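Working notes for the structure below.
Keep in mind that this is a model prediction, so the values were computed, not measured. Letters A, B, ... mirror the listed sequences (proteins, then strands); counts begin at 1.
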Amino acid sequence: MDNNRETLIEIEGLYQIFGEEPNDVLPQVKAGASKEDVLAETGHTVGLRDINLTIKRGEIFVIMGLSGSGKSTLIRHFNRLIDPTAGKIKVDGENIMALSPKELITFRRHKMAMVFQHFGLMPHRNVVDNVGYGLSIKGEKKTDWVPKATQWLDTVGLAGYEEQYPSQLSGGQQQRVGLARALCTDAEILLMDEAFSALDPLIRSEMQEQLIELQENLQKTIIFITHDLDEALRLGDRIAVLKDGKLVQIGTPVDIMLRPADDYVKAFASDVNRARALSVQTVMTPSTEKLDANTVKEAKANFPQDKEYVFVFNNEGYQGVLTKEQATTLDDESPLKDALHPVPSVRKANLLQKVIPLSLNTRFDLPVVNKAGELTGRLEARKLADVLSPS
Amino acid sequence: MARYPALLFETLFMIDSSWLTEFPDMSRRDLLAIRQTLDSAYRTFSRAYGQSIEDFFNPLLHFLIWFEDLLIQTPWWIVLAAIVGLVYAATRSWRLCLGVLASFLAIGYFGMWEDTMRTLSIITVCTILSICIGIPIGILMAGSDRARSIITPLLDIMQTMPAFVYLIPVVMLLGIGKIPGVIAVVIYAIPPVIRLTNLGIRLVNKETLEAATAYGATATQRLFGVQIPLAMPTIMAGINQTIMMALAMVVVASMIGVKGLGQPVLKSITNQYFTLGLLNGLAIVALAIIFDRVSQTYAKRAQRHMEGNDNG
């Protein structure tokens, strides 16, 4: 979406080969030998092959692939839980392959936090101690990190569970603890390894929604791994599709849906119910053009002449739509509120299926507002139709 | 005619065919030479270093004597109160406390109080020693496949070699008494705690450990914050086994002068005192059951949060 954001993570020419002598096999793999040939000839498994990607600050970058595609291996390179056979990894301009063991620990403590598929909680620590784990191993005092951990538990909706142990919680609750633990360290980058895959569908979609909402406020850089294209489309600002350890396509959700790079991606994309997979975010046009007015008089004075209608806001937030025609004909003294068209507003995280009936019900674009009630964009019916029509 | 094939056989395989019926062993003289060389080398070694090794173990001996005296010379009701108190602190179970109280009262009533205290003291010391030595070795084994491949066969030998065999060099080196007894018991009893520490650490959920690493835990923080706590149920099972094996060694250890419940048993064997043997044997069983139940209940209580959902 926003192409001007600065690059935060850069991966260049990354190879991962599993086996006894990966470096001996590397030239063969670089020359393009197939995974099957390499395995048959040398007994080595090619995990990742020539991965190049850049991740921008503040985006949700989804890495999508089926099991065995190397996605979980790839995410473990970002914090060097696995070291690559060859390649460069730069975070914030710093080559993390050159870090000493001590520097690596500092890097992990401050730059990145991780959420795991099976939660990875410590069963012997209670919930609040789990959430504060990252801070406690940094050497922060317990009296300092307990309030922070408690606050993050509250944010993820688990207030009151501080003294419970992970085994006493449901899967969804455990993953909320995992999420709170990651957020509690205040790291800029969040690695999420199939974070919602072990949850049942209802809880999963709840968690997705929560993540999108949290992200609106936090603006973290999130690297999210999933095997589920629906999830990828819903969460991702950009999506990388991984197949057999190779990147097939990197693009926005709309790119993936509407302009698949090859048959593999196409097969994936054709299976998806777009109305349920895509969110308003992927279709909306970013815009902050609105009219701040409390009375008809103000509205008339400030109405932009080149527009047919505007979204009217006052200090209580979004009020409705005012057309140009109204702006010229309305009586100055009549209450503004009565004149406005009651066009509903939508949120960035809303799924298209939820906003389709709203859009069909009105001839205007729908305003997209954030949690604070500010306008962030507009949803055009034409664009909605474009996205939903099968290619 | 019938002798021909045999004759042919003999000519073909030269004259002496006795290796077919008897194992072609080395000559008696050679074997004797080997034995003599090894024995005298060991004897020289023990003459040269026996004293310094004894000095090395002296603090342990003093501690053993002190602990034994403490248990025997303190009035029996204080010791009993302390034991029951410890059991309650560890298990929070009145039923178990009552059982322990009844067993010790019965032991005392049948005149075995002093011997039981001696056995209790040596078992306690052996267990503590086994834990102190065994857990670090287990950790080392879990951390390195190479260490494991070296230590595992050693443990196999320690567990299967008859205790009397390794008693010989120990007695040659240190004479008879408490220290050789402790060494023999520890050699026999330490393998389970080593094996199960290794196993427990290797079985720690990979993702949980990965989480610790991902959040920037150092190797030490991983070991003490994640690996050992999560391996604790398995390690406790190992400690439990170690205690049981130490108790099983009590009678054997009494052969090299370790006083306690083993000696009356030994005496009963040589003199055919059936009842004496039975009573002391039952006292050992009682101790074993008490140690077992208390350590297991304690382990279960300490690990209650880790049951059920294992996050895997």
Taking all atoms of both residues into account, what is the closest heavy-atom pair of E207(B) and G120(A), and its distance? OE1-N, 3.5 Å
Determine which residues belonging to residues 215-223 of chain B lie within contact range of chain A, meaning some heavy atom pair is under 4.5 Å apart, and list them by number or answer 'none'. Y215(B), G216(B), A217(B), T218(B), Q221(B)
With Q117(A), which residues qualify under side-chain hydrogen bond (donor to acceptor under 3.5 Å, both in side chains), at least two apart? none
In this structure, are over 12 heavy atoms from other groups packed under 6.0 Å from F107(A) atom CZ? yes
Interatomic spacing from CZ in F119(A) to OG1 in T208(B) - rounded to 0.5 Å: 11.0 Å
For chain B, which residues from residues 75-98 of chain A have at least one heavy atom closer than 4.5 Å to it? R76(A), N79(A), L81(A)
Can you list the residues that meet the ring pair (Phe, Tyr, Trp, His ring centres under 6.0 Å) rule with Y88(B), with sequence neighbours excluded? W94(B)
Can you tell which part of A187(A) gets under 4.5 Å to a heavy atom of chain B, answering side chain, backbone, both or neither? neither
Counting heavy-atom pairs under 4.5 Å to chain B, which of L191(A), I105(A), V115(A) comes out on top? I105(A)
Value for CG (N205(B)) from NE2 (H118(A)), rounded to nearest 0.5 Å, stands at 9.0 Å
I'd like to know if the side chain of H124(A) reaches the main chain of G225(B), judged simply by a donor and an acceptor atom lying under 3.5 Å from each other, with no hydrogens or angles considered. yes
I78(B) atom CD1, over 12 foreign heavy atoms within 6.0 Å: yes
Please report the closest heavy-atom contact between Y133(A) and A212(B), naming both atoms and the distance. OH-CB, 3.4 Å
Quick one: what part of M114(A) sits under 4.5 Å from any heavy atom of chain B, side chain, backbone, both or neither? both
If you draw a 6.0 Å radius around OH in Y165(A), do more than 12 non-hydrogen atoms from other residues or ligands fall strictly inside? yes
